[in-house]
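Working notes, beginning with the structure itself.
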Amino acid sequence: MGYNFLEIEEKWQGYWAKNKTFHAKNESQLPKYYVLDMFPYPSGAGLHVGHPLGYIASDIYARYKRHKGFNVLHPQGYDSFGLPAEQYAIQTGQHPELTTKTNIARYREQLDRIGFSFDWSREVRTSNPDFYRWTQWIFLQLFHSYYDKTADKAKPISSLVEQFEQNGNLSVKAECAATVTPFTAEEWNGCTTSKKEEILLDYRLTYISETEVNWCAELGTILANDEIVNGVSERGGYPVTKKKMKQWSMRIGAYAERLLQGLATVDWPESLKEMQRNWIGKSIGASVRFPVEGHQATLEVFTTRPDTLFGVTFMTLAPELELVKKITTAEQKASVDAYIESTAQRSERDRMANVKTISGVFTGAYALHPLTQERVPIWIGDYVLAGYGTGAVMAVPCGDQRDYDFAKHFDIPIKNIFAETDISEAAYAEKSGGVKLQDSGFLNGLEYKEAMTKVIQHLEENNIGQGTINYRLRDAIFSRQRYWGEPIPVYYQNGLPVPLDEKHLPLELPKVENYLPTQDGAPPLGNATHWAWDVEEEKVVDNKQINHETVFPLEMNTMPGWAGSSWYFYRYMDPHNATAFVSKEAADYWKEVDLYLGGSEHATGHLLYSRFWQKFLFDLGHLPVEEYAKKLINQGMILGSSAFVYRKAGTQEYLSKGLIEGEQVEPIRVDISLVNLSDELDCEALKKWQPQFAEARFVLEDGVYKVGREVEKMSKSKYNVVNPDQICEDYGADTLRMYEMFLGPIEQAKPWNTAGISGVHSFLKKTWRLYHPNETFSVSDDAPSAESLKTLHQTIKKVTEDIEQFSFNTCISAFMICVNELSAQKCNQRSILEPLAILLSPFAVHLAEELWERLGHSDSVSTVSYPIFEEKYLVESSKNYPVSFNGKMRFTRELSLELSPKEIEEIILADEQTQKHLQGRTPKKVIVVPGKIINIVG
RNA sequence: GCUCGAGUGGUGGAAUUGGUAGACACGUUGGACUUAAAAUCCAAUGACCAUUGCGGUCGUGCGGGUUCAAGUCCCGCCUCGAGUACCA
């Protein structure tokens, strides 16, 4: 009877489904543990071997925690709204709802085959109305809230209204739009309702405003900063330009400081935290106000170097700034307009490519230096970004390289305020180094640090500026001109958004004929005929009924992909709740995610937005903790190994890899299924694969055609996809699971290489044979040998330590050593083999179940809580046994601790160098290996 | 440019965190079993020298340093990967 993995795996997958083995309960006396995977986008291509890597790792840990006696929540679901799902639908010409459904079914089939211990009764899909109802609900909470800077938390907007009614906004410290002007209580109370609404919109945590956005015409939508990579869209790689549009945004900036501080409290990879810190981009400095000569206007700038204020010789504004048009003089108007025009047309990518070229125009206007009253020319230049700070800088060419380059380029004077420095070649940008200020009025003779304090104090006393902290993090744009997303639950009355009442949720996505995105940015929901809100009937009605008195148009933008994924992990706790997004009891019991596994590509997207929503919902008292993921591990990507053939330029002749040296060849990707494990190509199969190879002639080396290899991302278009189903078919899911873990550390990116899989597979066969020594199952009830006990205990120790540290590759090595040793010992004792089956069960999940059953148990091994995983047992069993050597000094390192003083002396006397080193002192501990002293302590 | 991270056999990767470098696996070579193949088992496998007997020398990207002891710590380089990109 051999190891029939196909039969065994099918049997146990059926058993788990039937018995709901992995069903987690919300009531339990056991301690809880929540293991979460980042849920997948159900794209059309199905899973490749890279996708399950993280799921396997988290599954092992979840199963391990169950054995340790925890009530484990290990759910799975689908992020089924958003660009990837929609793009696939567009490509295949099918409705996204349909493609999403079929894709999910395919994913589920593939996932089931790998034997995960997910509790599928808790499955969520972000595109289900039951789910997005609560996404919309959270949106409404944000709409009805503002950020109180004094209390440093979000509060209901009603409490802001109360303050306005009593004191206006003069004493209110709240996060708001930059354009807010001060008003008194009288002024507020005198406002019309719609004026009040307009003002409140500047304070709401989600708000609508005219903003400069990243427009991607190909995708027909705007994109958030984190959806743009290298100036092109992350998805598809299409060009992106700047465009002004009315958009919903999320005031994530209000949480910048807390998002930064919170990182210190979570166990996340340092590199990922660093990415978030950089993205938030905190900088400390000052705001300084420069009056504009001959205008009412004041130019406010942010600078990290207020100490260099006396070095200002010009100002630079971002060309997009409104103020530019107001202050430009008649003579300069033509050139300024031309410059504004040319920068507006440049795509993001052009901008990035031309970072080195210096461009700008003088506006003709002058600012007055707030300390010296000198006239300072105002320029515009595209090296100043409209979106950062106030979109204006005070230029100090002697202290900043960009200002220096700009000044040199346009022949603007440079004033050196740093004593004894040479700035003939470059600016002096150092902050330290004992350089003193000169030509700087009351700052003369001071160094960086003192000058900073003194100048900020001076600015504040004279009301020309103040110490300020600035963040790079910008508010997140929340509207997408796409069909496949959550409808935003608002309608428009008098041009102002009015939220729906909670009781009307979900606002369901309407059916439309044409869901394709448009080039001009008109949302596809514009095609919906049934998309108006009747406030009297309180329901969605036909567009024809819009009358702007009782029936109003509904919002046509939808939410971005990150909306649903920003809170889904709480829905798993209580997935069927119809009255709350999660019940208080469920949230209090499960509390937070204990272990979160996913890729680092979400560092500045999902992982930041979800922390923002978490903090917001925490502020409002809906959630028990401020950070939702205690520990996070990034799994590295599994890459593909593409295969190449080399066509001699202009011919049908294909050269084997070793023959291309010095030849003019063109590498062409071929499907990796046409290549065997030794990189040899099946030439006949290639001819049939694609017509372009039908006439191919192959030039062989050593009788075979060798292909070239290159490691790159796994993708259908690169013909390098390895399908997990095929691996399961050939070797079994247990082999797949163990091999993926054996490949290397989980955090590391690594290419898939099927060549090594036989090692893991034969390990499983060997394990099987351990229980079936003569082809039939047989274990003995005799007492185990000391040797076998030692092997088992060493394995328990090593495996436990390795699982705790997520070092699954070394853990599997330990299993291999264990089984090899037990085989050599001809061990067949139940008292060894039974614990071994349990130990193996998080890894070889199906095999362990089968062995467990054969050992005579009627329950599932997955649910067994066994003392071998308990520390008490572990400590006792983990004592190291002496290892004997045939030398003079037969000690293990552990034993050397027990050397008597006399023995230590003997060892020292035997070694001249040691005597010299010790100089008569007596060591506490001596560590010895055969023939050598390797450590002396004391 | 800036910020992280990494460089170890033919290959993937270990190394108790300063203590016998190369665990485990793949690959390769030889052997056993077999009519044969597959499967399985055994042995060898960092390089170089020696080999009837022991053994020896060099070895963790490069160059220095600390230490009885360095893949691991410090200083200076080189290469690769990731993130970010005029952030004032």
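Sequence lines set the chain letters: A, B, ... in the order given, protein chains first and strands last, and positions in each chain run from 1.
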| task | Quick one: label A:Asp382 by what it contacts on the DNA or RNA (base, sugar-phosphate, nothing), any heavy atom closer than 4.0 Å. | result | base
| message | Regarding A:Ser758, tell me which of base, sugar-phosphate or nothing describes its non-hydrogen contacts under 4.0 Å with the strands shown. | response | sugar-phosphate
For residues 598-606 of chain A, please give each side-chain donor-acceptor pair under 3.5 Å, one per line with the distance, not counting sequence neighbours.
unit_1   : atom_1 : unit_2   : atom_2 : d
A:His606 : ND1    : A:Ser565 : O      : 3.2
A:His606 : NE2    : A:Tyr596 : OH     : 2.8

| query | Which pairs, with at least one residue in residues 758-770 of chain A and sequence neighbours excluded, count as a salt bridge (Lys or Arg N to Asp or Glu O under 4.0 Å)? | reply | none
| said: Under the salt bridge (Lys or Arg N to Asp or Glu O under 4.0 Å) definition, can you give me all pairs with a residue in residues 379-390 of chain A, not counting sequence neighbours? | reply: A:Arg346-A:Asp382
| When you check the glycosidic angle of B:G63, does it come out syn, meaning within 90° of 0, or anti? | anti
| What is the distance from NZ of A:Lys798 to P of B:A23, rounded to the nearest Å? | 14 Å
| request: Grab the CG-P distance between A:Asp405 and B:A88 for me, whole Å please. | output: 16 Å
| request: Could you pull out all residues at least two apart from A:Lys750 that satisfy side chain to side chain donor-acceptor pair (under 3.5 Å)? | output: none
Protein N or O to nucleotides 38-40 of chain B N or O, pairs below 3.5 Å:
unit_1 : atom_1 : unit_2   : atom_2 : d
B:U40  : O3'    : A:Arg769 : NH2    : 3.1

| note | Sorted by chain and number, sequence neighbours left out, side-chain contact (heavy atoms from CB on, under 4.5 Å) with A:Glu7 holds for A:Asn4
| said: Tell me every residue that passes side-chain contact (heavy atoms from CB on, under 4.5 Å) with A:Ile456, counting only those two or more places apart in sequence or in another chain. | reply: A:Ala286, A:Pro306, A:Glu460
| task | Summarise protein proximity over nucleotides 4-13 of chain B in one line of letters, 5' to 3': B for base, S for sugar-phosphate only, - for none, counting protein heavy atoms closer than 4.0 Å. | result | S-------BS
| Pairing of RNA chain B as dot-bracket, 5' to 3': ( ) intra-strand, [ ] crossing, | other strand, . unpaired, with Watson-Crick or G-U pairs under 3.5 Å? | (((((((..(((......[....)))((((((.......))))))((((.....))))..(((((..]....))))))))))))....
| request: Report the residues that fulfil salt bridge (charged side-chain N to carboxylate O under 4.0 Å, His left out) with A:Lys408, sequence neighbours left out, ordered by chain and then residue number. | output: none
| Test salt bridge (charged side-chain N to carboxylate O under 4.0 Å, His left out) applied to A:Asp475 - qualifying residues, sequence neighbours left out | none
Name every donor-acceptor pair, under 3.5 Å, that has one atom in a side chain of residues 392-400 of chain A and the other anywhere in the protein, sequence neighbours excluded.
unit_1   : atom_1 : unit_2   : atom_2 : d
A:Asp400 : OD1    : A:Arg402 : N      : 2.9
A:Asp400 : OD1    : A:Arg402 : NE     : 3.2
A:Asp400 : OD1    : A:Asp403 : N      : 3.2
A:Asp400 : OD2    : A:Arg402 : NH2    : 2.8

| Is the A:Phe410-A:Phe314 ring centre distance short of 6.0 angstrom? | no
| message | Nearest heavy atom decides the nucleotide; on that basis, is A:Ile817 or A:Ser807 closer to the 5' end of RNA chain B? | response | A:Ser807
